[in-house]
Amino acid sequence: MDQSLDFRVQRTYRLLINSLMDLLREKCFDEISVAELCDRAMIRRATFYKHFADKYELFAFAVRELMRQFAQENQIVRNQKHPKTFYAAMIDRSLQFLEQHADVFSSVIKSRHAQILMDILSEEIERDVLIHLKADAANGAILPAKAELLATVMTGALIYTMRWWIVHDMKMPRAELIRVYTSLVRIE
């Protein structure tokens with residue numbers, strides 16, 4: 001979380017994210033109301049609306065924050081000579097994150113608004129992938145397509161791989177999923 005934010009704002013964000021995650025473990029996203037989020041977080045609805053337009057905006061913020069926190073705790077060492085290793089580590093990190101929050105992702109997938117929620121998740125991942133692809137290209141990596149297109153393709157593959165893995169109860173070993181995914185990515 002942005003440490004430059006006022007402590008009270010950080011606390012409000014943390015309470016809302018925790019409340020959202022707890023509620024997603026209990027029920028489908030569709031069934032969660034802003035009032036319920038506020039009650040669980042012990043904040044007023046006016047405070048919620050001061051920071052977020054709706055629960056979708058909170059979801060997007062929570063995804064960004066959880067991804068940032070997870071990435072910070074699980075740093076990937078970049079190898080400039082072998083950029084593909086970064087993307088293998090990225091999918092491994094994403095699958096680890098998914099394992100830790102499988103109940104939440106399962107709830108999201110079951111939502112009537114699953115596509116909207118998956119789009120929010122995709123946008124956040126794609127933004128991160130694009131930053132890394134551009135950095136790799138600047139360092140001499142040969143990309144098989146424009147970085148923007150490649151980021152979209154890689155993100156789509158990752159999102160649908162994650163979705164497939166959840167729907168199939170994570171039966172395929174993570175290492176096998178990583179092997180399949182990285183065999184499709186052609187970055188030299």
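Just so it is clear, the model here is predicted, and its values are computed rather than measured.
- Salt bridge status for E31 with K110: absent, with no side-chain N to carboxylate O gap under 4.0 Å.
- For the pair K27 and D103, the salt-bridge criterion is not met [side-chain N within less than 4.0 Å of a carboxylate O].
- To the nearest 0.5 Å, atom OG of residue S106 and atom CG of residue L24 are 10.5 Å apart.
- Of the possible donor and acceptor atoms, one in the side chain of T152 sits under 3.5 Å from a partner among the backbone N and O of E148.
- Distance OG1/T12 to NZ/K50: 8.5 Å, rounded to 0.5 Å.
- Between K55 and E36 there is no salt bridge, since no side-chain nitrogen of the basic residue lies less than 4.0 Å from a carboxylate oxygen of the acidic one.
- A donor-acceptor contact shorter than 3.5 Å links the side chain of D30 to the backbone of R112.
- Here the side chains of R14 and E65 are not in contact, with every heavy-atom distance at 4.5 Å or above.
- With sequence neighbours excluded, the residues that form a side-chain hydrogen bond (donor to acceptor under 3.5 Å, both in side chains) with D119 are Q115.
- Residues passing the ring pair (Phe, Tyr, Trp, His ring centres under 6.0 Å) test with F29 are Y56, F59, sequence neighbours excluded.
- For the residue pair Q10/D6, the side-chain donor-acceptor check at 3.5 Å is not satisfied.
- Checked for salt-bridge contact, E99 and R174 meet the test: a charged N lies under 4.0 Å from a carboxylate O.
- The local environment of OH in Y160 is sparse, with at most 12 non-hydrogen atoms from other residues, nucleotides or ligands closer than 6.0 Å.
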